[in-house]
> 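First the structure, which I've put down as structure tokens, then a few questions once you've had a look.
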Amino acid sequence: MEASTLSPDQRLEFITRNLQETLGEDKLKGLLQEGKDVNIYWGTATTGKPHVAYFVPMSKIADFLRAGCKVTILFADLHAYLDNMKAPWDLLAKRAEYYEHIIKAMLESIGVPLEKLNFVKGTDFQLSKEYTLDMYRLSSVATEHDAKKAGAEVVKQVSHPLLSGLLYPGLQALDEEYLKVDCQFGGVDQRKIFTFAEKCLPALGYAKRIHLMNPMVPGLTGTKMSSSEEDSKIDLLDDAGALKRKLKKAFCEPGNIENNGLLSFVKFVLFPLFGEKEFLIERPEQFGGNVSYKDFETLEQAFAKQEVHPGDLKGAVQRELNILLDPIRTKFQSPELKKLTNSAYPPPPSKKKTPGGKGASKGGAAPQNDELVPSRLDMRIGKVVAVEKHPDADTLFIEKIDVGEENPRTIVSGIANFVSLEEMQDRIVVVLCNLKPQKMRGVVSQGMLMCASLDEPKNVEPLDAPDGSAPGDRVFFEGYETGKADEELKPKKKVFEQLQADFKTSEDRVAMWKDSPFMTKLGLCKAPTLKNATVR
């Protein structure tokens, strides 16, 4: 159906279907009622390799075009560098070039005509005199708190953040003005940046834009699909064998429709692309024979009733994914694009072998060549044997903590606003013991009390050890049980800071490094109440 024949309500349906939230929907309806062109932009920071979850925004871009919208795709190369240098400066141009080729290949594979799209690179306009001046102007109306809060779910969070991460939300806000769009489209994890833009742009004399938000699609492990978590994603260039292997391992419990990455992919990608085509589940006659579904709701209900087996769902998704990926795989077999891929994402340098013939690795011996693994952290269970307020700082406690050594360690912790002295006394806690001792307001701290922390609303709570834990019990990470900890973490190497960037608590409050839980011989270390929080 041509966009020119659609009513305003039909155009609105295409624009907003499957979105989780729209900010400014009344304004959007007004533009459509007036018959105006709606200009939308979607930006992607050119960091890790795009994976199949990128088909979710691609599917929505197809919807926008069906609704007669004008769409700009921004390859945000400067953002990629500002986000904790996820894209090193020397790889910036190659990463942006790779993204442009791979995104265009994805769009072609789902039948989106490229001539209807406008492609822009961030550094093409973000380094101009006018843009730079507006960044200075924005810095005079936005607070550090607002900028940090805006980027909390998008910019990589570390214990000692770089100033560049605070610039990130401001650039994304200004992009709306400099790209001359009516709407910005992104995931719901961008919501705080969108509200930051709605607050800041009018302060500069620019119009507040409409914001369209997709839900976050679970990955294969049931959590967010991420470029940094290999088992949670399917790379766009994975061959059929790798695709089959990853889908076989994917989380897909019988009857469970919550956090089901496969069902989410069918809902947000396949059905919107199918049009009149039905979703076919192929299975042997003795198990009911083939069955087709005209809409996602019917499929979801059938899966919930266990009328569709997870193995059959995986087989159908595998078939459809191969159809989508085959044109991309073929295109990237060209020598030019193979060379580009290797230039944008060079393989890591080979590790030197130990005398035993194997490099230090997961669960192996002491790390060699500064390998960044969590077994380098000396974490132990401790018992708080004494605690008092810091005489010169209201927010700090001074604790004496028994970590299984001859004498208790002195630890200074910034938790006084969140935990009482009574709650800390005799508490069993988790302590990082191989940091270099440092003075905190005149008192030398000999380690770090590990806590879960949320910025909004602000809350901090020490991690809990498994029942029965004793001072000195070793805390390790699943999969890295036998590695040897550094005697002392050198501050200049920033080993802890880099590892801590991937510390978090799960939905079950388990403290995690990436997908590896904090553990002792007695079980898991958890936060008392905080889910999806930073651990530091």
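These figures come from a predicted structure and were not determined experimentally.
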> Any Lys/Arg nitrogen of R191 or E21 sitting under 4.0 Å from an Asp/Glu carboxylate oxygen of the other?
yes
> Do K526 and D508 sit within salt-bridge range, that is, some charged N less than 4.0 Å from a carboxylate O?
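No salt bridge links K526 with D508.
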> Could you tell me whether R380 and D378 have a side-chain N and a carboxylate O separated by less than 4.0 Å?
yes
> Give the intermediate values and the outcome of side-chain contact (heavy atoms from CB on, under 4.5 Å) for residues M213 and T22.
CA-CA 6 Å; M213 284 167 274; T22 300; over 6 Å; no
> Please find the pair of heavy atoms, one from F185 and one from F194, that lie closest to each other, and give the distance.
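The answer is C-CZ, 4.2 Å.
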> Is the shortest distance from a Lys or Arg side-chain nitrogen in D63 or R17 to a carboxylate oxygen in the other one below 4.0 Å?
yes
> Any side-chain to backbone donor/acceptor pair from E461 onto L530? Under 3.5 Å, distance only.
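The answer is yes, because a donor-acceptor pair under 3.5 Å joins these two groups.
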> Looking at every non-hydrogen atom in both residues, tell me the closest pair between A533 and S453 and how far apart they are.
CB-O, 3.5 Å
> Taking NZ, NE, NH1 and NH2 as the nitrogens, is one of them in D394 or K389 under 4.0 Å from a carboxylate oxygen of the other?
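No, no charged N to carboxylate O under 4.0 Å.
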> Within the 4.5 Å heavy-atom criterion, are K314 and C252 side-chain neighbours or not?
yes
> Starting at CG of L313, measure out to CD of Q318 and round the result to the nearest 0.5 Å.
11.5 Å
> Under 3.5 Å, is there a donor-acceptor pair linking the side chains of S420 and E423?
yes
> Going by distance alone, is a donor N or O of one side chain under 3.5 Å from an acceptor N or O of the other, for T410 and K400?
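T410 vs K400: donor-acceptor pair found between side chains.
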> With a sphere of 6.0 Å drawn around NZ of K192, does it hold more than 12 non-hydrogen atoms of other residues, nucleotides or ligands?
yes
> Could you tell me if the side chain of M519 sits less than 4.5 Å from the side chain of P466, heavy atoms only?
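No - every pair of side-chain heavy atoms lies 4.5 Å or more apart.
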> Any side-chain heavy-atom pair from L454 and T534 closer than 4.5 angstrom?
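In short, these two side chains do not touch, never coming nearer than 4.5 Å.
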> Could you give the distance from CD (Q446) to CG (L432), rounded to the nearest 0.5 Å?
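So the gap between those two atoms works out to 13.0 Å.
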> Decide, yes or no, whether a salt bridge links E405 with R409 under the criterion of side-chain N to carboxylate O below 4.0 Å.
yes
> Counting C-beta onward and ignoring hydrogens, is there a side-chain heavy-atom pair between P50 and L236 closer than 4.5 Å?
yes
> Check whether any side-chain N or O of R509 sits under 3.5 Å from a backbone N or O of P528 as a donor-acceptor pair, and report yes or no.
yes
> Under the side-chain contact (heavy atoms from CB on, under 4.5 Å) test against M379, which residue among V430, V403, N434 passes?
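Only match with M379 under side-chain contact (heavy atoms from CB on, under 4.5 Å): V430.
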> Using every non-hydrogen atom in the two residues, find where V510 and L524 come nearest and quote the distance to one decimal.
CG2-CD1, 3.9 Å
> To the nearest 0.5 Å, what is the distance between CG on L421 and CD on Q425?
9.0 Å
> May I ask you to check whether Q126 and D175 show a side-chain donor-acceptor distance below 3.5 Å?
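Note: Q126 and D175 side chains meet the donor-acceptor criterion.
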> Between D146 and K149, is there a salt bridge with N-O shorter than 4.0 Å?
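No, K149 and D146 are not salt-bridged.
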> Could you tell me whether F518 and F477 have their ring centroids closer than 6.0 angstrom?
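When the ring centroids of F518 and F477 are compared, they turn out to be within the sub-6.0 Å range.
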> Does atom NZ of K458 have more than 12 heavy-atom neighbours, drawn from other residues, nucleotides or ligands, at distances under 6.0 Å?
yes
> Do we see a donor-acceptor contact under 3.5 Å between the side chains of H79 and Q172?
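The answer is no; no qualifying pair exists.
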> Answer yes or no: does atom NZ of K27 have more than 12 heavy-atom neighbours from other residues, nucleotides or ligands under 6.0 Å?
yes
> Which atom pair, heavy atoms only, marks the closest approach of I15 to K60?
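I15 and K60 have their closest heavy atoms at O-NZ, 3.0 Å.
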> Is the shortest distance from a Lys or Arg side-chain nitrogen in R441 or D392 to a carboxylate oxygen in the other one below 4.0 Å?
no
> Can E307 and L299 be said to form a side-chain contact (heavy atoms from CB on, under 4.5 Å), step by step?
CA-CA 9 Å; E307 295 171 1; L299 170 65; over 6 Å; no
> Got a donor-acceptor contact below 3.5 angstrom from the K383 side chain to the D426 backbone?
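Side chain of K383 to backbone of D426, a donor-acceptor pair under 3.5 Å: no, none is there.
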> Check whether D295 reaches the backbone of T298 with its side chain - one donor and one acceptor, N or O, closer than 3.5 Å.
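Between the backbone of T298 and the side chain of D295 there is a qualifying donor-acceptor contact (under 3.5 Å).
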> May I ask you to decide if L263's main-chain N or O and N260's side chain share a donor-acceptor pair within less than 3.5 Å?
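Here the side-chain-to-backbone pair exists.
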> Measure across F397 and A416 and return the closest heavy-atom pair with its distance rounded to 0.1 Å.
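Smallest interatomic distance, heavy atoms only, reads CE2-CB, 3.5 Å.
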> Any chance the side chains of Q20 and N214 put a donor and an acceptor closer than 3.5 Å?
no
> Taking C-beta and beyond as the side chain, do Y168 and I193 meet within less than 4.5 Å on heavy atoms?
yes
> How far does CG of L262 sit from CD1 of I257, to the nearest 0.5 angstrom?
14.0 Å
> With the side chain counted from C-beta on, respond yes when T44 and Y54 share a heavy-atom pair under 4.5 Å apart, and no when they do not.
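Side-chain contact under 4.5 Å: yes.
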> Working to the nearest 0.5 Å, report the span between NZ of K246 and CD1 of I234.
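That separation rounds to 7.0 Å.
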> Verify, without hydrogens or angle tests, whether S264 (side chain) and V217 (backbone) share a donor-acceptor contact under 3.5 angstrom.
no
> Examine distances only and state if a side-chain atom of T520 and a backbone atom of V475 form a donor-acceptor pair shorter than 3.5 Å.
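No; judged by distance alone, with no hydrogens or angles, the pair does not exist.
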> If only atom types and distance count, is the side chain of Q184 paired as donor or acceptor with the main-chain N or O of L212 below 3.5 Å?
no
> Test side-chain contact (heavy atoms from CB on, under 4.5 Å) on L23 and T195; report intermediate values, then the result.
CA-CA 9 Å; L23 299 177; T195 56; 4.1 Å; yes
> Which atom pair, heavy atoms only, marks the closest approach of L463 to A511?
CD1-CB, 3.9 Å
> Check for a donor-acceptor pair, side chain of S445 on one end and backbone N or O of G447 on the other, with a separation under 3.5 Å.
yes
> Answer yes or no: are there more than 12 heavy-atom neighbours, outside E487 itself, under 6.0 Å from its atom CD?
no
> Quick one, M58 and I103 - any side-chain contact, counting heavy atoms below 4.5 Å?
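Side chain of M58 against side chain of I103, heavy atoms only: contact under 4.5 Å found.
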> I'd like to know whether D238 forms a salt bridge (charged side-chain N to carboxylate O under 4.0 Å, His left out) with R245, so could you lay out the CA-CA distance, the side-chain angles of the two residues, the decisive distance to 0.1 Å, and finally the verdict.
CA-CA 10 Å; D238 278 347; R245 174 177 54 81; over 6 Å; no
> Test side-chain contact (heavy atoms from CB on, under 4.5 Å) on I415 and C451 and set out the steps.
CA-CA 9 Å; I415 59 172; C451 298; 4.0 Å; yes
> Are any of the side-chain heavy atoms of M450 and V535 separated by less than 4.5 Å?
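A side-chain contact under 4.5 Å exists here.
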> Is it the case that H211 and E25 place a side-chain donor and acceptor less than 3.5 Å from each other?
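Per modelled atom types, H211 and E25 side chains form no pair under 3.5 Å.
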> When you measure from the side chain of R209 to the backbone of C183, do you find a donor-acceptor pair of N or O atoms at a distance under 3.5 Å?
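No; zero donor-acceptor contacts below 3.5 Å.
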